[in-house]
Amino acid sequence: MPSVDAGAAGPLTAVPPVRLQFAQKAFIVSGGRLLLVRKAASDPFHPGRWEVPGGRLEEAADLDLDDHVRREVWEEVGLKIDPGPPFHLWQWFMPDQGTPGGQIRVVAAARRCRPVTLDATLENQDVSDHLDRCAWVPLREAGGYDLIPSLRPVMRAFLPPAG
(Lines give C-alpha, C1' and ligand atoms only; values in the text may rest on other atoms or scores of the structure.)
Protein backbone atom coordinates (compact mmCIF):
# COMPACT_ATOMS: atom_id res chain seq x y z
CA MET A 1 0.00 0.00 0.00
CA PRO A 2 1.49 3.38 -0.96
CA SER A 3 2.19 5.73 1.91
CA VAL A 4 0.82 9.25 2.14
CA ASP A 5 3.37 11.81 3.21
CA ALA A 6 2.30 14.12 6.04
CA GLY A 7 0.83 17.27 4.54
CA ALA A 8 0.43 15.75 1.08
CA ALA A 9 -2.96 15.62 -0.56
CA GLY A 10 -4.68 12.36 0.32
CA PRO A 11 -7.84 10.71 -0.95
CA LEU A 12 -10.13 12.65 1.42
CA THR A 13 -9.11 16.16 0.41
CA ALA A 14 -11.77 16.25 -2.34
CA VAL A 15 -14.63 15.60 0.12
CA PRO A 16 -16.64 18.77 0.79
CA PRO A 17 -16.42 19.94 4.40
CA VAL A 18 -19.19 19.04 6.86
CA ARG A 19 -19.82 21.27 9.89
CA LEU A 20 -21.57 19.86 12.94
CA GLN A 21 -24.31 21.78 14.74
CA PHE A 22 -26.72 20.90 17.57
CA ALA A 23 -30.42 21.81 17.69
CA GLN A 24 -33.35 21.33 20.03
CA LYS A 25 -37.04 21.20 19.20
CA ALA A 26 -39.75 21.88 21.79
CA PHE A 27 -42.88 19.75 21.80
CA ILE A 28 -45.12 22.04 23.86
CA VAL A 29 -48.49 20.60 24.89
CA SER A 30 -51.35 22.29 26.70
CA GLY A 31 -54.91 21.06 27.03
CA GLY A 32 -54.39 18.20 24.56
CA ARG A 33 -52.97 20.55 21.93
CA LEU A 34 -49.48 20.78 20.45
CA LEU A 35 -47.96 24.08 19.37
CA LEU A 36 -46.92 24.00 15.69
CA VAL A 37 -45.29 26.72 13.58
CA ARG A 38 -45.50 27.10 9.81
CA LYS A 39 -42.57 28.04 7.60
CA ALA A 40 -43.21 31.14 5.48
CA ALA A 41 -43.04 31.18 1.68
CA SER A 42 -39.64 32.88 2.11
CA ASP A 43 -38.12 29.82 3.84
CA PRO A 44 -35.32 28.52 1.59
CA PHE A 45 -35.80 24.86 2.53
CA HIS A 46 -39.40 24.03 3.54
CA PRO A 47 -41.83 26.83 2.56
CA GLY A 48 -45.35 26.26 3.83
CA ARG A 49 -44.49 23.22 5.92
CA TRP A 50 -45.11 22.83 9.64
CA GLU A 51 -42.79 22.02 12.51
CA VAL A 52 -42.38 22.71 16.24
CA PRO A 53 -40.47 25.66 17.72
CA GLY A 54 -36.76 25.31 18.25
CA GLY A 55 -33.44 25.87 16.59
CA ARG A 56 -29.71 25.51 16.53
CA LEU A 57 -27.41 26.12 19.47
CA GLU A 58 -25.45 29.37 19.40
CA GLU A 59 -21.99 28.29 20.54
CA ALA A 60 -20.99 31.60 22.12
CA ALA A 61 -24.34 32.48 23.70
CA ASP A 62 -26.03 29.25 24.84
CA LEU A 63 -24.11 27.86 27.79
CA ASP A 64 -26.98 25.77 29.16
CA LEU A 65 -29.22 23.44 27.10
CA ASP A 66 -32.35 24.38 29.05
CA ASP A 67 -31.65 28.07 28.45
CA HIS A 68 -31.05 27.32 24.77
CA VAL A 69 -34.47 25.76 24.22
CA ARG A 70 -36.10 28.50 26.32
CA ARG A 71 -34.44 31.17 24.15
CA GLU A 72 -35.46 29.50 20.90
CA VAL A 73 -39.10 29.16 21.97
CA TRP A 74 -39.20 32.76 23.25
CA GLU A 75 -37.72 34.10 20.01
CA GLU A 76 -39.99 32.08 17.73
CA VAL A 77 -43.35 32.09 19.53
CA GLY A 78 -43.03 34.38 22.56
CA LEU A 79 -43.77 31.68 25.13
CA LYS A 80 -42.06 30.94 28.41
CA ILE A 81 -41.59 27.20 28.91
CA ASP A 82 -40.39 24.66 31.42
CA PRO A 83 -38.08 22.35 29.44
CA GLY A 84 -38.61 18.66 30.00
CA PRO A 85 -36.61 15.59 29.09
CA PRO A 86 -35.53 14.68 25.57
CA PHE A 87 -37.49 11.83 24.01
CA HIS A 88 -35.94 11.50 20.55
CA LEU A 89 -32.60 12.16 18.81
CA TRP A 90 -32.19 12.51 15.04
CA GLN A 91 -30.15 14.26 12.39
CA TRP A 92 -30.45 15.98 9.04
CA PHE A 93 -28.11 17.54 6.51
CA MET A 94 -28.43 20.93 4.89
CA PRO A 95 -26.29 22.99 2.52
CA ASP A 96 -23.66 25.17 4.18
CA GLN A 97 -24.40 28.49 2.50
CA GLY A 98 -21.00 29.86 3.57
CA THR A 99 -18.93 27.05 2.02
CA PRO A 100 -19.34 26.05 -1.63
CA GLY A 101 -20.20 22.35 -1.73
CA GLY A 102 -20.14 22.15 2.05
CA GLN A 103 -22.84 20.72 4.28
CA ILE A 104 -24.08 21.17 7.81
CA ARG A 105 -24.92 18.04 9.79
CA VAL A 106 -27.49 18.98 12.42
CA VAL A 107 -27.90 16.60 15.37
CA ALA A 108 -31.11 17.37 17.23
CA ALA A 109 -32.92 16.50 20.43
CA ALA A 110 -36.70 16.67 20.75
CA ARG A 111 -37.90 17.69 24.21
CA ARG A 112 -41.27 17.58 25.91
CA CYS A 113 -41.89 21.05 27.33
CA ARG A 114 -44.57 22.55 29.54
CA PRO A 115 -45.81 26.03 28.72
CA VAL A 116 -45.61 28.62 31.49
CA THR A 117 -47.43 31.15 29.28
CA LEU A 118 -49.93 30.37 26.49
CA ASP A 119 -50.25 33.44 24.25
CA ALA A 120 -48.16 32.41 21.25
CA THR A 121 -47.01 35.21 18.94
CA LEU A 122 -44.50 35.56 16.12
CA GLU A 123 -43.51 39.10 17.14
CA ASN A 124 -40.12 38.11 18.64
CA GLN A 125 -38.84 36.05 15.74
CA ASP A 126 -35.66 36.79 13.84
CA VAL A 127 -36.03 37.27 10.08
CA SER A 128 -34.01 34.06 9.56
CA ASP A 129 -36.73 32.02 11.32
CA HIS A 130 -39.05 32.39 8.30
CA LEU A 131 -42.26 31.69 10.23
CA ASP A 132 -45.67 32.99 9.20
CA ARG A 133 -48.06 31.23 11.59
CA CYS A 134 -48.32 29.37 14.85
CA ALA A 135 -51.26 27.23 15.97
CA TRP A 136 -52.29 25.08 18.89
CA VAL A 137 -53.31 21.83 17.16
CA PRO A 138 -55.24 18.94 18.73
CA LEU A 139 -52.82 16.05 19.27
CA ARG A 140 -54.97 13.69 17.20
CA GLU A 141 -54.60 16.04 14.19
CA ALA A 142 -50.90 16.98 14.49
CA GLY A 143 -49.64 13.99 12.47
CA GLY A 144 -51.86 15.01 9.54
CA TYR A 145 -50.13 18.36 9.00
CA ASP A 146 -47.65 18.83 6.15
CA LEU A 147 -44.55 18.55 8.34
CA ILE A 148 -40.96 19.16 7.29
CA PRO A 149 -39.67 15.70 6.30
CA SER A 150 -37.05 15.31 9.05
CA LEU A 151 -39.73 15.94 11.71
CA ARG A 152 -42.12 13.17 10.58
CA PRO A 153 -40.43 10.28 12.45
CA VAL A 154 -40.05 12.48 15.51
CA MET A 155 -43.79 13.25 15.45
CA ARG A 156 -44.54 9.52 15.20
CA ALA A 157 -42.34 8.94 18.27
CA PHE A 158 -44.13 11.75 20.12
CA LEU A 159 -47.77 11.04 19.36
CA PRO A 160 -49.64 8.23 21.12
CA PRO A 161 -50.56 5.33 18.84
CA ALA A 162 -53.91 5.76 17.08
CA GLY A 163 -56.53 3.48 18.39
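Sequence positions, counted from 1, serve as the residue numbers for this chain. Worth knowing before you read on, the calculation uses all heavy atoms, side chains too, and leaves out hydrogens, waters and symmetry mates. The shown structure was predicted, so the numbers you read here are calculated from the model rather than taken from an experiment.
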Quick one: hydrophobic cluster around F22, which other residues, with the 4.5 Å side-chain cut-off, linked directly or via members?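 Via sub-4.5 Å side-chain contacts, F22 links to L57, L65.
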Original post:
What is the minimum heavy-atom distance between P83 and C113, and which atoms define it?
Top reply: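 P83 and C113 have their closest heavy atoms at CA-SG, 3.9 Å.
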*asked:* For F87 versus A157, what's the shortest heavy-atom pair and its separation?
replied: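 For F87 and A157, the tightest heavy-atom pair comes out as CE1-C, 4.3 Å.
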Rounded distance (nearest 0.5 Å) linking atom [atom1] of [X] with atom [atom2] of [Y]:
X	Y	atom1	atom2	value
I81	E72	CD1	CD	10.0 Å
M155	L139	CE	CG	9.0 Å
E141	R33	CD	CZ	7.5 Å
M94	Q21	CE	CD	7.5 Å
E76	C134	CD	SG	10.0 Å
Q97	Q103	CD	CD	12.5 Å

Worksheet item: Angle class for the W50/Y145 ring planes (parallel below 30°, perpendicular above 60°, tilted otherwise)?
Response: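 Perpendicular: the ring planes of W50 and Y145 meet at over 60°.
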Only one of D129, D132, D43 passes salt bridge (charged side-chain N to carboxylate O under 4.0 Å, His left out) with R38; say which it is.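 The salt bridge (charged side-chain N to carboxylate O under 4.0 Å, His left out) with R38 is passed solely by D132 among D129, D132, D43.
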Please check: side-chain N/O of [X] versus main-chain N/O of [Y], any donor-acceptor pairing under 3.5 Å?
X	Y	value
T117	K80	yes
W90	S150	yes
R114	V29	no
R19	I104	no
H46	E51	no

Using a strict cut-off of less than 4.0 Å between a Lys/Arg side-chain nitrogen and an Asp/Glu carboxylate oxygen, indicate whether R112 and D82 qualify as a salt bridge.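 A salt bridge is absent here (no side-chain N lies under 4.0 Å from a carboxylate O).
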For this session: For the pair R71 and E58, find out whether any cationic side-chain nitrogen is under 4.0 Å from an anionic carboxylate oxygen.
Result: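 Salt bridge between R71 and E58, a charged N being under 4.0 Å from a carboxylate O: yes.
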Above 12 or not: heavy atoms from other molecules or residues under 6.0 Å from CZ of R152?
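Yes - once you tally the heavy atoms of other residues, nucleotides and ligands closer than 6.0 Å, there are more than 12.
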Check: Would you say D64 has more than 12 foreign heavy atoms packed within less than 6.0 Å of its CG?
Finding: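 Yes.
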